[in-house]
Peer 1: 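Structure incoming, see below.
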Protein chains: 2
Amino acid sequence: MATRGRPRTFDPDTALRQALDLFWERGYEGTSLSDLAQAMGIASASIYACFGSKEDLFRQVMALYGTTSGEPPRRALHEHPTTRAAIHAMLRATADEITRPDAPHYCMLILAAPTGAVENRAIQEFLADLRRDMRTAVQDRLARGVADGDLTAPPAALDAIARYYTTVVQGLSVQARDGATRAELEAVITCAMAAWDTLTSAPSRTGA
Amino acid sequence: MATRGRPRTFDPDTALRQALDLFWERGYEGTSLSDLAQAMGIASASIYACFGSKEDLFRQVMALYGTTSGEPPRRALHEHPTTRAAIHAMLRATADEITRPDAPHYCMLILAAPTGAVENRAIQEFLADLRRDMRTAVQDRLARGVADGDLTAPPAALDAIARYYTTVVQGLSVQARDGATRAELEAVITCAMAAWDTLTSAPSRTGA
DNA sequence: CTGTTTGTTTGTCGATCGACCAACAAACCG
DNA sequence: CGGTTTGTTGGTCGATCGACAAACAAACAG
């Protein structure tokens with residue numbers, strides 16, 4: 001069962017990358033199928049044949065986005081020995097990604113479809129789920145820090161701290177979208193990390 | 001030059017409020033003129049006669065939004081005696097607004113049109129300008145704190161601190177959008193304020 | 001009353017939306 | 001070679017988009 005029938009004239013990976021670029025620039029609702037077909041260099045019917053519907057295509061695009069742009073922040077979170085360094089590096093990796101000169105200056109996950117028409121609600125919640133996963137990843141890293149012994153904080157505070165740094169990441173995306181430079185984001189990150197010692201030393205009345 | 005011609009059968013303020021509710025729920029691109037006409041209880045032609053185009057209507061909606069939902073955070077920023085209390089109160093007022101049970105759980109200014117189709121770029125930049133005004137307002141409040149003598153920080157640090165707390169506000173909106181409760185936002189705010197003493201006491205290497 | 005002014009209703013405009021079908025094209029199987 | 005399978009092209013579908021024009025309705029001026 002090798003290759004049967006007419007072979008594809010386009011590379012699905014390349015086409016997916018081109019779809020990613022367009023969705024990234026215009027968001028989910030702002031990108032039409034004819035725009036996509038033109039950018040991908042194929043007819044819209046080929047999109048349906050290869051990727052399914054517009055919604056299916058977008059989900060595949062987001063998977064690609066996660067393994068490319070999403071990777072540096074995720075890796076930063078995992079690869080640094082101390083929790084503090086991991087969080088700091090994640091913020092900086094995020095800032096790097098959202099100020100790259102060759103791509104829109106924001107995180108797709110956060111701004112591609114935060115609101116929209118009722119018929120696109122499934123996509124909005126799909127992205128919301130991925131964002132909640134972001135927070136879970138941060139929270140897991142904090143828990144690992146407690147296990148490693150380099151972080152001491154009450155379990156209730158871990159929730160708050162994880163949500164706090166996730167909030168900063170999401171705010172950074174809006175800042176970059178509005179024209180903040182890499183250096184300006186760095187200054188924000190420095191401010192955000194200024195809370196670290198207080199959050200991880202005091203008995204911390206950050207409950208909820 | 002009293003009332004000439006046929007009088008209006010609807011109240012423009014009420015209609016604008018209804019348009020606000022719909023734009024708030026679905027964003028700019030996700031809201032169609034027929035949706036608006038139905039929600040406002042008038043024909044689409046009456047929208048054009050009274051408010052101009054969809055874009056004009058949205059700008060008027062945002063003006064109303066600014067004087068209603070935008071007012072509590074703005075007032076908090078101005079009315080508290082110390083800078084620290086003002087920033088803290090602004091964050092809490094924001095959290096109050098974006099978790100009200102009778103409205104969508106996010107700030108329209110931030111999430112109604114962060115990205116979108118090319119033909120709507122003017123609206124996206126219109127909102128971006130308003131968001132930059134947010135940061136300017138925070139920065140002005142910090143400058144006032146320096147003048148009042150309750151805040152000591154190098155001028156360069158003021159930029160960073162203002163952008164930092166603006167970033168937190170914008171991140172809070174994404175958190176609320178994704179289901180965070182008022183209490184969870186409060187915990188985030190507590191974390192964000194934990195940086196305050198460090199930011200406003202140390203010589204502060206937050207340059208850029 | 002008539003004429004003017006203003007607002008509303010109805011209908012429609014060309015364009016575009018996402019989705020898909022039928023016809024055609026190019027590979028492999030035997 | 002013919003038959004099968006798969007992909008692509010061009011066309012089309014009903015629905016809807018934002019925007020407006022024409023016709024009708026209700027107030028005032030005189």
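Chain letters run A, B, ... following the sequence lines, proteins first, then strands; residues in each count from 1. Worth knowing before you read on, the calculation uses all heavy atoms, side chains too, and leaves out hydrogens, waters and symmetry mates.
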Peer 1: Pick out which of B:D21, B:D35, B:T31 makes a side chain to side chain donor-acceptor pair (under 3.5 Å) with B:R26.
Peer 2: B:D35
Peer 1: Who are the salt bridge (Lys or Arg N to Asp or Glu O under 4.0 Å) partners of A:D159, not counting sequence neighbours?
Peer 2: none
Peer 1: Have a look at B:D178 and tell me which of A:R131, A:R135, A:Q170, A:Q124 forms a side chain to side chain donor-acceptor pair (under 3.5 Å) with it.
Peer 2: A:R131
Peer 1: Please produce a list of atom pairs where a protein N or O lies less than 3.5 Å from an N or O of nucleotides 2-6 of chain C.
Peer 2:
{"residue": "C:dT6", "atom": "O2", "partner": "B:R6", "partner atom": "N", "Å": "3.2"}

Peer 1: Sub-3.5 Å donor-acceptor pair from the side chain of A:D56 to the main-chain atoms of A:S53, do we have one?
Peer 2: yes
Peer 1: Within residues 43-57 of chain A, find the residues that approach DNA chain C with a heavy atom at under 4.0 Å, and present them sorted by residue number.
Peer 2: A:S44, A:A45, A:Y48, A:S53, A:K54
Peer 1: Give the rounded distance in Å between these two atoms: CD1 of B:I42 and P of D:dC20.
Peer 2: 16 Å
Peer 1: Applying side chain to side chain contact (heavy atoms under 4.5 Å, CB included), can you list everything that pairs with A:T167, at least two apart in sequence or on another chain?
Peer 2: A:R163, B:L172, B:Q175, B:V188
Peer 1: Evaluate the ring planes of A:W196 and A:Y165, with Trp represented by its six-membered ring, and classify them as parallel (under 30°), tilted (30 to 60°) or perpendicular (over 60°).
Peer 2: tilted
Peer 1: Once the angle between the rings of B:F51 and B:F10 is folded into 0 to 90°, is it parallel (under 30°), tilted (30 to 60°) or perpendicular (over 60°)?
Peer 2: tilted
Peer 1: For B:D35 and D:dA19, what is the distance between atoms CG and C1' respectively, to the nearest whole Å?
Peer 2: 16 Å
Peer 1: Looking only at heavy atoms, which two atoms of A:I110 and B:V174 are closest? And how far apart?
Peer 2: CG2-CG2, 4.1 Å
Peer 1: Distance-only, no hydrogens or angles: does the A:H88 side chain make a donor-acceptor pair with backbone N or O of A:R84 under 3.5 Å?
Peer 2: no
Peer 1: Could you tell me the separation between the CE atom of A:M40 and the P atom of D:dT8, rounded to a whole number of Å?
Peer 2: 11 Å
Peer 1: Quickly work out the A:F58 CZ to C:dC17 P distance and round it to whole Å.
Peer 2: 17 Å
Peer 1: Contact between A:R92 and A:R182 at the side-chain level, heavy atoms closer than 4.5 Å - yes or no?
Peer 2: yes
Peer 1: With respect to the phosphate group of C:dT8, does any side-chain polar atom (N or O) of B:T9 fall under 4.0 Å of OP1 or OP2?
Peer 2: yes
Peer 1: Could you check how far CZ of B:R8 sits from C1' of D:dA25, rounded to whole Å?
Peer 2: 16 Å
Peer 1: Contact list please: residues 12-33 of chain A against DNA chain C, heavy atoms, distance less than 4.0 Å, in numerical order.
Peer 2: A:T31, A:S32, A:L33
Peer 1: Sequence neighbours left out, what pairs pass salt bridge (charged side-chain N to carboxylate O under 4.0 Å, His left out) with at least one residue falling in residues 111-125 of chain B?
Peer 2: A:E25-B:R121, A:R177-B:E125, B:E125-B:R132
